[in-house]
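Okay, so here's the structure we're looking at.
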Amino acid sequence: MSAPIPEGSLKMVQPVWHHFSPGQNHAAGELYQTSLMTALLNGVYEGETTYGEIRRHGDFGLGTFNDLDGEMVGFDGMFYQLRSDGSARPVAAEQKTPFAVVTFFQPERELELPGNAGKKELLAFLEKVTDANLFTAVRIDGAFDEVRTRTVQIQHRPFPPLTEATAHQPEKSFCNVEGTLAGFRSPSYAQGIGVAGFHLHFLRKDKQGGGHALDYRLRNGILQICTLHDFHVELPNSGDFLKAKFDDKSFDQQIKASEG
Ligand code: ZN
């Protein structure tokens with residue numbers, strides 16, 4: 001059922017670090033991020049960091065790809081690329097990213113979620129069981145009446161700002177679907193560095209599609225959460241990043257428009 005793993009895929013780089021038990025891993029409990037949300041807003045869509053590198057800092061997370069070629073969602077040690085043509089495939093270790101957020105997911109709580117719940121109700125529940133002022137990795141496995149997603153489309157130079165790139169983004173609805181929502185709750189003070197509040201990506205259980213989750217209605221599901229106490233950001237060194245203008249104070253509105 002699953003697609004063949006391409007040469008150099010993440011599954012193949014896994015044995016390099018796999019012998020570390022979670023307790024021995026110095027990065028346990030750490031949120032690891034490459035670049036900034038405000039850099040994406042500024043059109044910094046090319047990073048030097050490979051997913052092979054990212055994979056050494058986590059087995060769970062979300063992100064995008066160079067030239068904004070789709071959405072990344074990862075859990076259970078496998079990362080997937082969800083592209084605007086509707087395709088989904090395992091990420092190869094040599095693929096590069098301008099923005100990704102990962103952690104080693106070690107759930108401290110598992111809870112049954114309220115059934116027949118819309119996004120608003122679900123996020124209200126999640127807010128109650130997580131800390132507003134810490135980062136939390138969030139995973140929901142369940143059956144959904146509907147999940148509405150978007151998938152960013154590959155961009156070409158000169159890169160437009162993110163609000164333009166996402167203005168006409170292709171949206172897709174998955175109905176009566178099983179799958180996983182994976183992502184993070186981030187504190188309000190992190191807005192700009194990341195996305196404050198909830199940022200979740202979806203992958204169908206059959207791994208054949210998904211995207212950035214815009215809206216959803218859960219029939220029934222299980223929530224797992226993992227609170228994080230360290231935050232590590234790798235800053236880019238590219239000309240695009242060094243020349244980007246970060247003094248535009250409207251980034252809060254821009255993030256809400258492009259990531260809402
Ligand atoms: Zn997203």
Side-chain angles (χ1 to χ4, degrees), residues 27 30-51 53-54 56-58 60-74 79 81-82 84 95-103 131-138 150-169 183-201 211-214 228-260:
E30 177 181 281
L31 186 69
Y32 177 92
Q33 179 174 309
T34 183
S35 194
L36 307 172
M37 192 61 216
T38 42
L40 272 193
L41 292 176
N42 271 289
V44 182
Y45 300 153
E46 269 178 22
E48 281 306 309
T49 311
T50 65
Y51 269 106
E53 186 77 30
I54 294 282
R56 290 169 51 215
H57 297 276
F60 173 101
L62 51 76
T64 184
F65 296 85
N66 273 11
D67 305 326
L68 227 54
D69 190 14
E71 311 278 346
M72 189 282 278
V73 59
F79 292 173
Q81 181 179 17
L82 311 160
S84 60
Q95 283 183 273
K96 290 180 177 176
T97 178
F99 182 81
V101 193
V102 298
T103 191
D131 291 296
N133 293 338
L134 293 175
F135 293 86
T136 310
V138 174
R150 75 100 201 273
T151 311
V152 284
Q153 240 169 337
I154 192 164
Q155 302 294 313
H156 304 283
R157 285 185 183 271
F159 292 135
L162 192 65
T163 46
E164 267 175 50
T166 57
H168 307 287
Q169 57 195 0
F184 301 94
R185 181 188 190 188
S186 300
S188 53
Y189 60 74
Q191 184 77 319
I193 293 173
V195 177
F198 290 95
H199 184 187
L200 301 170
H201 286 187
H212 171 98
L214 295 171
L228 306 167
H229 297 274
D230 289 295
F231 186 33
H232 183 128
V233 182
E234 290 284 331
L235 295 172
N237 199 26
S238 66
D240 283 357
F241 181 78
L242 298 176
K243 279 183 273 176
K245 300 272 180 249
F246 292 109
D247 47 10
D248 184 345
K249 295 293 184 285
S250 70
F251 67 84
D252 182 58
Q253 285 312 313
Q254 292 179 45
I255 291 173
K256 283 169 182 157
S258 57
E259 297 298 315

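The shown structure was predicted, so the numbers you read here are calculated from the model rather than taken from an experiment.
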| request: Decide if the gap between the ring center of F246 and the ring center of F251 is smaller than 6.0 angstrom. | output: no

| Hey, is the main chain of A196 close enough, under 3.5 Å, to the side chain of Q191 for a donor-acceptor pair? | yes

| task | Indicate yes or no: at least one non-hydrogen side-chain atom of F159 is less than 4.5 angstrom from one of V44. | result | no

| Is the backbone of D69 close enough, under 3.5 Å, to the side chain of Q81 for a donor and an acceptor to pair up by distance? | yes

| field | Verdict with supporting geometry, L162 and M37, side chain to side chain contact (heavy atoms under 4.5 Å, CB included) | value | CA-CA 10 Å; L162 192 65; M37 192 61 216; 3.5 Å; yes

| task | Would you name the heavy atoms of Y189 and N133 that are closest together and state the gap between them? | result | OH-O, 2.9 Å

| query | Considering all heavy atoms of both residues, which atom of V101 and which atom of F184 are nearest to each other, and what is their separation? | reply | O-CE1, 3.5 Å

| Heavy atoms of other groups near E53 CD, more than 12 under 6.0 Å | yes

| Between the main-chain N or O of V152 and the side-chain N or O of E71, is there a donor-acceptor pair closer than 3.5 Å? | yes

| Distance from H232 atom NE2 to Y32 atom OH, nearest 0.5 Å? | 5.5 Å

| note | Heavy atoms of I193 and F99 approach each other most closely as O-CE1, 4.1 Å

| task | Answer yes or no: is there a donor N or O on one side and an acceptor on the other, between the side chain of S238 and the main chain of F241, under 3.5 Å? | result | yes

| query | Among pairs that include at least one residue of residues 33-45, which meet side chain to side chain donor-acceptor pair (under 3.5 Å), considering only residues two or more places apart or in two chains? | reply | T34-T49

| Can you check whether M72's main-chain N or O pairs, donor with acceptor, with H201's side chain at less than 3.5 Å? | yes

| query | In Å, rounded to the nearest 0.5 Å, how long is the span from CG of L41 to CD of E164? | reply | 12.0 Å

| Close side-chain approach of P98 and L40, heavy atoms under 4.5 Å | yes

| query | Of the non-hydrogen atoms in S186 and V195, which two are nearest, and what is the gap between them? | reply | CB-O, 3.3 Å

| said: Working to the nearest 0.5 angstrom, can you tell me the gap between R185 CZ and D131 CG? | reply: 8.0 Å

| task | With side-chain hydrogen bond (donor to acceptor under 3.5 Å, both in side chains) as the test, would you mind laying out the steps for Q254 and D248 before giving the verdict? | result | CA-CA 10 Å; Q254 292 179 45; D248 184 345; 3.2 Å; yes

| task | Kindly give the heavy-atom pair with the smallest separation between I255 and G194, and that separation in Å. | result | CD1-O, 3.8 Å

| Can any side-chain N or O of T103 pair as donor or acceptor with the backbone N or O of E30 at less than 3.5 Å? | yes

| query | Distance from F79 atom CZ to L62 atom CG, nearest 0.5 Å? | reply | 10.0 Å

| Can you list the steps and then say if D240 with R157 is a side chain to side chain contact (heavy atoms under 4.5 Å, CB included)? | CA-CA 11 Å; D240 283 357; R157 285 185 183 271; 2.8 Å; yes

| Gap separating the CG atom of L214 from the CD atom of Q169, nearest 0.5 angstrom | 6.0 Å

| task | For the pair Q153 (side chain) and T151 (backbone), establish whether a donor and an acceptor sit closer than 3.5 Å, ignoring hydrogens and angles. | result | no

| field | Expected output: side-chain T97 to main-chain T64 donor-acceptor under 3.5 Å | value | yes

| remark: Between P160 and Q155, the two heavy atoms sitting closest are CG-OE1, 3.3 Å

| Rounded to the nearest 0.5 Å, what separation is found between the CZ atom of F231 and the CG atom of L134? | 12.5 Å

